[in-house]
Amino acid sequence: MTDAAPPAYQGPQRVFSGMQPTNGLHLGNYLGALQKFVRLQDQYDCIYCIVDLHAITVGPDPKELTNRCREVAAAYIAAGVDPKKSIVFIQSAVREHTELTWVFNCVARMGWLERMTQFKDKAGKHAERSSVGLFDYPVLQAADILLYKATHVPVGEDQKQHLELSRDIAQKFNNDYGRADFFPLPEPLIQGPGARIMSLRDGSKKMSKSDPSDMTRINMTDDEATILSKIKKATTDPLPVPEAEEGLKGRAEVENLVGIFAAVTERSVADVLAEYGGKGFGVFKPALAEALAAKLSPIAGEMRRLTGDPGALDAILKDGAERARAIAGPIMAEVRDVVGFWRA
Ligand code: AQP
């Protein structure tokens with residue numbers, strides 16, 4: 001007898017993704033994820049979350065948390081997410097996220113979580129002093145996605161391992177409870193320019209909100225002068241810009257800057273090198289700064305306008321939470337039945 005392949009998931013195709021309201025968003029968040037959020041709206045029903053439950057794993061200031069959530073919502077909308085079409089909401093407003101996390105905590109295995117490199121990076125040498133929440137972060141992330149039975153998840157490359165864990169959890173839940181196609185196995189959408197933007201100071205580290213130095217990143221709200229100053233001070237080497245892609249090998253910082261230029265101007269790397277190959281960074285860097293400012297300044301202006309009216313943003317977030325609950329509630333009720341919880 002041969003094992004039959006499990007039936008393919010038959011439910012609707014749906015996109016889910018989120019960002020943490022920790023520090024302000026940066027160019028890596030924009031190119032790696034947010035730009036994809038905007039494009040996917042034409043193809044799918046999309047749900048975009050502001051993941052405040054994730055943010056408290058590293059303990060941000062409670063006085064700041066709500067405003068930071070509003071800032072992320074403003075960034076989504078200013079970048080082109082349409083809150084009438086897509087659902088934009090704050091994670092903690094939909095309590096089923098935490099309920100499904102508990103169920104998944106009992107599905108996921110310790111060994112799976114112990115392999116997560118992001119926990120090792122974030123906890124550093126002090127893993128035993130990290131919150132349990134930080135360790136459990138990828139299980140909450142799996143619950144975020146699967147609570148909506150999302151089939152596609154736009155993320156940067158750093159999230160690849162977490163997405164694989166979400167698939168493992170979905171698969172094990174389906175197997176354990178004998179419901180072969182209950183949860184879809186969500187597909188990460190990672191490809192594309194900007195999937196991995198590196199620090200401006202160290203080409204071996206990703207650009208990150210939590211890097212202590214602001215000079216390592218371009219924030220979405222940086223003004224033109226700040227962008228120019230950060231790009232001018234970005235690490236390069238004494239050689240000129242190479243003329244072909246092979247010339248980028250072993251020059252991680254240069255490769256990163258050329259990749260950023262290509263991504264923000266929607267050109268290929270080869271095309272950028274054809275224009276700047278052989279020229280010095282004294283020419284390349286101001287051109288890059290100008291391209292960045294042209295891309296980010298209008299978005300930053302719109303973010304300022306949106307955050308200036310918190311009441312209007314809250315109305316959008318309230319509507320988003322209601323629409324999210326309308327999807328999450330019935331799916332969580334189904335999970336409760338599958339697991340065998342008492343039904344009142
Ligand atoms: N450097 C990056 N290049 C490409 N994509 C990136 N993303 C993050 N950094 C880069 C993508 O942005 C989305 C939101 O990320 P997050 O807010 O959930 O947190 P993160 O992945 O941990 O990103 P940060 O900015 O580095 O935050 P901290 O410093 O707080 O950890 C995700 O899709 C991520 O892939």
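Ligands are counted one by one from 1 in listed order, and the atoms in each one are counted from 1 as well.
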**Asked** Taking distance alone, with no angle check, do K122 and ligand 1 share an N/O pair under 3.5 Å?
**Response** yes

**Identity and distance of the protein heavy atom lying nearest atom 26 (O) of ligand 1** = K206 NZ, 2.8 Å

**Request:** For G32, take its heavy atoms, then give the atoms of ligand 1 lying under 4.0 Å from any of them.
**Result:** 4 (C), 5 (N)

**Asked** Which residue and non-hydrogen atom of the protein lie closest to atom 30 (O) of ligand 1, and at what distance in Å?
**Response** T22 OG1, 3.6 Å

**Prompt:** Taking atom types as modelled, is there a side-chain donor on H26 or D222 under 3.5 Å from an acceptor on the other?
**Reply:** no

**Prompt:** Taking atom types as modelled, is there a side-chain donor on Q159 or Q118 under 3.5 Å from an acceptor on the other?
**Reply:** yes

**atom 25 (O) of ligand 1: the protein heavy-atom neighbour that sits closest, reported with distance to 0.1 Å** = H26 NE2, 2.6 Å

**Request:** Compute the centroid of each ring, for F261 and then for F284, and state whether the two points are separated by less than 6.0 Å.
**Result:** yes

**Request:** May I ask you to identify the nearest protein heavy atom to atom 28 (P) of ligand 1, giving residue, atom name and distance to one decimal place in Å?
**Result:** S210 OG, 3.5 Å

**Request:** Give the contacting part of V155 toward ligand 1: side chain, backbone, both or neither, where contact means a heavy-atom distance below 4.0 Å.
**Result:** both

**Asked** Is there a donor in the side chain of D214 and an acceptor in the side chain of N219, or the other way round, less than 3.5 Å apart?
**Response** yes

**Asked** Looking at ligand 1, does any of its N/O atoms fall within less than 3.5 Å of an N/O of G156?
**Response** yes

**Close N or O approach (P154, ligand 1; < 3.5 Å)** = no

**Request:** May I ask you to check if ligand 1 and Q20 share an N or O to N or O distance below 3.5 Å?
**Result:** yes

**Fill in**
The closest protein heavy-atom partner of atom 21 (O) of ligand 1 is D158 OD2, 2.9 Å

**Asked** Counting from 1, what ligand 1 atoms have a heavy atom of S208 closer than 4.0 Å?
**Response** 26 (O), 28 (P), 29 (O)

**Prompt:** Would you say I197 has any N or O atom under 3.5 Å from an N or O of ligand 1, going by distance alone?
**Reply:** yes

**Request:** Assign the ring pair F173 / F104 to parallel, tilted or perpendicular, where the plane angle (0 to 90°) is split at 30° and 60°.
**Result:** perpendicular

**Request:** Please work out whether any backbone atom (N, CA, C, O) or any side-chain heavy atom from C-beta onward of H54 is under 4.0 Å from ligand 1, and answer side chain, backbone, both or neither.
**Result:** neither

**Request:** Report yes if some N/O of N29 lies less than 3.5 Å from some N/O of ligand 1; otherwise report no.
**Result:** yes

**Prompt:** When you measure from atom 27 (O) of ligand 1 to every protein heavy atom, which one gives the shortest distance, and what is it?
**Reply:** K209 NZ, 3.4 Å

**Request:** Would you please classify the geometry between the Y76 ring and the F37 ring as parallel, tilted or perpendicular, with 30° and 60° separating the classes?
**Result:** perpendicular

**Asked** For the ring pair F119 and H162, is the centre-to-centre distance below 6.0 Å?
**Response** no

**Message:** Evaluate M207 for polar contact with ligand 1, using N/O atom pairs at a separation under 3.5 Å.
**Reply:** yes

**Message:** If the threshold is 4.0 Å, N to carboxylate O, is there a salt bridge linking R251 and D237?
**Reply:** yes

**Item:** Where ligand 1 meets G194 - atom numbers and elements under 4.0 angstrom, heavy-atom basis
**Value:** 4 (C)

**K36 NZ/CZ over Y30 ring centroid, <6.0 Å and within 45° of normal** = no

**Request:** Answer yes when R167 and E187 have at least one side-chain N-carboxylate O distance shorter than 4.0 Å, and no when they do not.
**Result:** yes

**Prompt:** Does the side chain of D223 come under 3.5 Å of the side chain of T226 through a donor N or O and an acceptor N or O?
**Reply:** yes

**Message:** Could you check whether E290 pairs with K285 (Lys NZ or Arg NE/NH1/NH2 to Asp/Glu carboxylate O, under 4.0 Å)?
**Reply:** no

**Request:** Determine, using heavy atoms of S17 and all atoms of ligand 1, whether some pair is separated by less than 4.0 Å.
**Result:** no

**Asked** In the protein, what heavy atom is nearest to atom 6 (C) of ligand 1, and what distance, to one decimal place, separates them?
**Response** G28 O, 3.4 Å

**Asked** Which residue from A55, G24, A195, A263 reaches closest to atom 4 (C) of ligand 1 through any of its heavy atoms?
**Response** A195

**Prompt:** Side chains of S297 and E224: do they bring a donor and an acceptor to under 3.5 Å?
**Reply:** no

